Amino acid sequence: MELKLYESLIGDIKARIRQGQVKAAVAINTELIFMYHDIGKMIVSRQQNEGWGNAVIPKIARDIKNELSDVKGFSERNLGYMVQFAKAYPDDAILQQAVAKLPWGHNIVLLQHLKDAGTRAWYAAESLKNGWGRELLTQKIKQNLMVKQGNATNNFGSTLPTLQSDLAQETLKDPYTFDFLTLTETFNERELEAGLVSHMEKFLLELGNGFAFVGRQYQVTISNRDFYIDLLFYHLKLRCYIVIELKKGEFKPEYAGKMNFYCSAIDDLLRHKDDQPTIGLILCQTKDRIFAEYALKDIQKPIGISEYELTRYLPNELAGSLPSIDDLEKELENEQ
């Protein structure tokens with residue numbers, strides 16, 4: 001028996017086992033969702049036809065516990081969610097929807113936070129596509145991702161092929177929420193940048209799936225002159241570099257020209273022949289949308305302009321008790 005052929009066979013068998021395990025887990029979860037939906041419908045039907053109130057739910061919970069003591073998941077609270085679930089999805093169209101493939105805990109989050117069926121369907125599909133856990137799904141709902149996503153001012157339609165333009169449009173959002181930062185109201189761009197890098201995991205979650213961090217103050221040399229890009233990323237789905245420039249205050253038209261220059265530099269110096277064109281993202285505190293559209297009108301490189309929100313400020317009188325920006329930067333350098 002040739003060892004390499006045998007190892008190949010074992011590898012194929014292991015891959016098939018894993019595939020089967022995943023499919024089995026999905027099938028079990030889907031059946032659980034269908035069962036909860038059916039039970040919810042049964043209770044709702046009796047409540048409507050027999051005039052039973054909500055008092056029947058704790059009675060059902062007690063009887064199931066007494067008669068099927070080894071069965072879990074039928075507490076009074078969970079039965080209440082099943083009733084809500086059945087009312088939210090009154091027909092069997094649920095069988096074709098993303099919610100049928102989500103864990104029950106995710107569906108509870110959707111029921112608790114969202115009344116509109118279309119909005120629930122959107123977040124369910126996004127959660128399934130991106131593999132969000134329950135906490136992250138809750139966070140995305142609270143941040144109003146559905147409204148933010150695809151809302152950035154941009155010139156993608158005139159600078160990118162249609163498919164890439166659509167994907168880029170979906171990838172960027174407006175505004176971005178950096179509620180994990182605590183800065184003084186007199187913060188500068190360098191402090192904002194250091195804060196984002198020191199909270200990189202949370203920053204990446206806010207940016208969304210696909211962003212891979214390349215560098216901070218990334219140096220590019222053009223005609224023997226050095227320039228420094230605030231933040232450089234590579235996007236795994238878009239297959240391109242993304243240049244991010246951080247600006248305090250209102251958007252200014254000269255930011256677009258500088259970003260155009262940076263995108264050209266990255267395209268010339270780093271872009272692989274199989275990569276898509278580099279995209280620029282300017283993050284500022286405020287922008288006039290019409291003003292921003294005019295600034296991008298004749299720009300040749302794909303650029304988006306979004307706002308960012310800082311929800312927490314540190315009183316200026318306490319700022320002196322915290323490490324300076326130089327101290328933070330030294331700490332970041334030591335960790336690398």
Side-chain angles (χ1 to χ4, degrees), residues 139-140 142-145 147-149 151-154 171-208 211-220 226-233 242-263 279-289 291-292 295-296 303-336:
Q139 179 183 332
K140 297 297 183 182
K142 289 181 177 179
Q143 292 176 350
N144 208 14
L145 178 64
V147 174
K148 293 179 181 181
Q149 190 161 308
N151 203 33
T153 303
N154 63 77
T171 299
L172 303 189
K173 56 187 179 182
D174 185 21
Y176 289 87
T177 303
F178 301 146
D179 56 0
F180 49 85
L181 297 180
T182 302
L183 301 171
T184 65
E185 291 192 48
T186 56
F187 76 92
N188 59 42
E189 292 162 5
R190 193 171 161 211
E191 290 172 325
L192 173 62
E193 179 188 309
L196 292 174
V197 173
S198 66
H199 293 83
M200 183 54 68
E201 183 176 354
K202 294 179 179 178
F203 184 31
L204 287 171
L205 283 174
E206 178 60 13
L207 288 175
F211 282 84
F213 182 54
V214 177
R216 173 195 178 202
Q217 289 298 307
Y218 193 91
Q219 180 179 333
V220 292
D226 293 333
F227 299 88
Y228 297 89
I229 292 169
D230 285 350
L231 298 167
L232 182 63
F233 292 84
I242 295 185
V243 174
I244 295 182
E245 284 290 293
L246 305 169
K247 301 298 179 184
K248 183 180 181 181
E250 189 175 10
F251 170 78
K252 297 178 182 179
E254 54 263 35
Y255 297 161
K258 187 176 182 181
M259 179 60 81
N260 192 72
F261 171 79
Y262 284 155
C263 289
I279 293 173
L281 175 59
I282 301 169
L283 294 179
C284 48
Q285 284 180 287
T286 61
K287 72 174 186 301
D288 181 298
R289 182 172 287 272
F291 197 48
L296 294 179
I303 295 173
I305 304 169
S306 295
E307 297 179 0
Y308 62 86
E309 298 173 343
L310 298 171
T311 58
R312 295 185 297 175
Y313 286 108
L314 182 73
N316 289 327
E317 58 268 23
L318 295 181
S321 64
L322 296 179
S324 69
I325 191 64
D326 291 321
D327 292 335
L328 288 173
E329 289 179 335
K330 288 177 183 176
E331 185 176 340
L332 288 170
E333 289 172 0
N334 291 334
E335 292 177 356
Q336 294 175 354

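Predicted model, so just to flag it, every value in this text is computed and none were measured.
- To the nearest 0.5 angstrom, Phe251 atom CZ is 9.0 Å from Thr153 atom OG1.
- Nearest heavy atom pair, residue Ala256 against residue Ala295, reads CB-O, 3.9 Å.
- A heavy-atom distance below 4.5 Å is not found between the side chains of Tyr255 and Met259.
- The minimum heavy-atom distance between Ser306 and Ala152, with the atom names listed, is OG-CB, 3.1 Å.
- Considering only heavy atoms from C-beta on, Leu283 comes within 4.5 Å of Tyr176 through its side chain.
- Counting only heavy atoms from C-beta outward, the side chains of Ile305 and Cys284 approach each other to under 4.5 Å.
- A heavy-atom distance below 4.5 Å is not found between the side chains of Leu310 and Asp179.
- If you take CD1 on Ile244 and OH on Tyr308, they are separated by 12.5 Å, rounding to the nearest 0.5 Å.
- The shortest side-chain heavy-atom distance between Leu207 and Phe233 falls under the 4.5 Å cut-off.
- The 12-atom threshold is exceeded at CD of Glu254, counting heavy atoms of other residues, nucleotides or ligands nearer than 6.0 Å.
- Atoms CZ and CG, from Phe213 and Leu204 in turn, are 8.5 Å apart once rounded to the nearest 0.5 Å.
- Looking at heavy atoms from C-beta onward, Gln143 lies in side-chain contact with Gln139 at the 4.5 angstrom threshold.
- Under the 30°/60° scheme for interplanar angles, the aromatic rings of Phe203 and Phe178 are found to stand perpendicular.
- At least one donor-acceptor pair under 3.5 Å links the side chain of Lys173 to the backbone N or O of Glu206.
- Two residues are said to be in side-chain contact when any heavy atoms from C-beta on lie closer than 4.5 Å; Asn154 and Leu172 fail this criterion.
- For the side-chain contact (heavy atoms from CB on, under 4.5 Å) criterion with Tyr218, the lone passing option out of Asp230, Leu231, Leu232 is Leu232.
- Here the SG-CD1 distance, from Cys263 to Ile229, works out to 8.0 Å after rounding to the nearest 0.5 Å.
- Contact of the Ile303 side chain with the Val243 side chain is not registered, since no non-hydrogen atoms from C-beta on lie closer than 4.5 Å.
- Remark: Arg216 engages Glu193 in a salt bridge, criterion side-chain N to carboxylate O under 4.0 Å.
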Open item on the list: Working note: Val220 + Asp226, criterion side chain to side chain contact (heavy atoms under 4.5 Å, CB included); need CA distance, chi angles, decisive distance, verdict.
Closed with: CA-CA 6 Å; Val220 292; Asp226 293 333; over 6 Å; no
Open item on the list: I'd like to know whether Asp174 forms a salt bridge (charged side-chain N to carboxylate O under 4.0 Å, His left out) with Lys287, so could you lay out the CA-CA distance, the side-chain angles of the two residues, the decisive distance to 0.1 Å, and finally the verdict.
Closed with: CA-CA 11 Å; Asp174 185 21; Lys287 72 174 186 301; 2.3 Å; yes
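- Put simply, the residue from Glu250, Lys247, Lys248, Glu309 that forms a side-chain contact (heavy atoms from CB on, under 4.5 Å) with Gln285 is Lys248.
- Here the OH atom belonging to Tyr228 is positioned 8.5 Å from the CD atom belonging to Gln217, to the nearest 0.5 angstrom.
- One distance of note links CD of Glu307 with OG1 of Thr177; it measures 11.0 Å at 0.5 Å rounding.
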